Amino acid sequence: MQKQITILGRNYTLKADDGEELEAAALDIDRRMRLLTDRKNGVDQYTAAMLTALNLASELRAVKRGYRDRLEAMERNAATVEAVLAAAVVEEDG
């Protein structure tokens, strides 16, 4: 499916599996870039795009780090549960 989006007044037609998600992402990008370009001493569109991309990349890395940390904690918890269950089985058999 093709979806038309607008960022800083420029229209783009993109292919998307989920048009609503693409539109929501475009609205977020547009909002972020407008915050940078609409200030009194605003930046040009290219710089706004680069700063927006950098901010999004930083947010993505933080989310990935959070998921990795949670996964490691779950693996530790699973290992603890496995050890407790193994000890319980040994006690039952013993």
Side-chain angles (χ1 to χ4, degrees):
M1 120 195 292
Q2 288 194 337
K3 182 71 177 176
Q4 186 166 348
I5 61 168
T6 303
I7 298 174
L8 291 182
R10 290 186 179 180
N11 295 321
Y12 302 90
T13 302
L14 304 170
K15 290 182 181 179
D17 292 332
D18 186 345
E20 289 181 20
E21 185 61 33
L22 177 64
E23 189 172 326
L27 287 171
D28 183 38
I29 297 298
D30 185 67
R31 180 188 58 79
R32 290 170 184 255
M33 288 182 65
R34 284 186 187 283
L35 285 173
L36 294 169
T37 59
D38 288 348
R39 295 181 181 159
K40 257 187 183 176
N41 54 354
V43 298
D44 62 88
Q45 289 185 0
Y46 177 82
T47 302
M50 292 301 104
L51 293 173
T52 299
L54 183 59
N55 286 333
L56 288 170
S58 177
E59 289 174 21
L60 177 60
R61 291 176 58 81
V63 168
K64 285 181 175 182
R65 187 172 44 256
Y67 278 124
R68 185 187 65 237
D69 292 348
R70 280 196 264 166
L71 180 59
E72 289 172 358
M74 287 173 37
E75 288 172 348
R76 285 190 304 273
N77 291 340
T80 300
V81 169
E82 183 179 19
V84 168
L85 290 174
V89 168
V90 169
E91 287 178 16
E92 282 283 320
D93 290 342

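Here the structure is a predicted model, which means the values were calculated and not measured. The figures that follow rest on heavy atoms only: side chains count, while hydrogens, waters and symmetry mates do not.
Listed here is the closest heavy atom pair of Thr37 and Val43: CG2-O, 3.4 Å.
Glu59 meets the salt bridge (charged side-chain N to carboxylate O under 4.0 Å, His left out) test with Arg32; sequence neighbours excluded. For the side-chain contact (heavy atoms from CB on, under 4.5 Å) test, no residue two or more places apart in sequence or in another chain qualifies with Ser58. The side-chain hydrogen bond (donor to acceptor under 3.5 Å, both in side chains) test applied to Thr47 returns Asp44, not counting sequence neighbours. By the side-chain hydrogen bond (donor to acceptor under 3.5 Å, both in side chains) test, Asp69 is found to be paired with no residue, residues two or more places apart in sequence or in another chain being considered. Considering only residues two or more places apart in sequence or on other chains, Arg70 meets the side-chain contact (heavy atoms from CB on, under 4.5 Å) condition with Tyr67. Take Arg68 and apply the side-chain contact (heavy atoms from CB on, under 4.5 Å) test, not counting sequence neighbours, and it matches Arg65, Glu72.
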Check residues 48-56 and write down every donor-acceptor pair under 3.5 Å in which the side-chain atom is one partner and the other belongs to a residue at least two apart or another chain.
residue: Thr52; atom: OG1; partner: Ala48; partner atom: O; Å: 2.7
residue: Asn55; atom: ND2; partner: Leu51; partner atom: O; Å: 3.3

Got a list of side-chain donor-acceptor pairs under 3.5 Å for residues 73-81, not counting sequence neighbours?
residue: Asn77; atom: ND2; partner: Ala73; partner atom: O; Å: 3.4
residue: Thr80; atom: OG1; partner: Arg76; partner atom: O; Å: 3.1

Below 3.5 Å, can you tabulate the donor-acceptor pairs from side chains in residues 13-26 to any protein atom, sequence neighbours excluded?
residue: Asp18; atom: OD1; partner: Glu20; partner atom: N; Å: 3.2
residue: Asp18; atom: OD1; partner: Glu21; partner atom: N; Å: 3.2
residue: Glu23; atom: OE1; partner: Lys3; partner atom: NZ; Å: 2.8

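Grouping Ile, Leu, Val, Met, Phe, Trp and Tyr by side-chain contacts under 4.5 Å, direct or through others, leaves Met1 on its own.
Transitive grouping of hydrophobic side chains (ILVMFWY, heavy atoms separated by less than 4.5 Å) brings Tyr12 and Ile29 into a common cluster.
In terms of modelled atom types and a separation under 3.5 Å, the side chain of Asn11 and the main chain of Thr6 share no donor-acceptor contact.
Between the CZ atom of Arg34 and the CD1 atom of Ile7 there is a distance of 10.0 Å, given to the nearest 0.5 Å.
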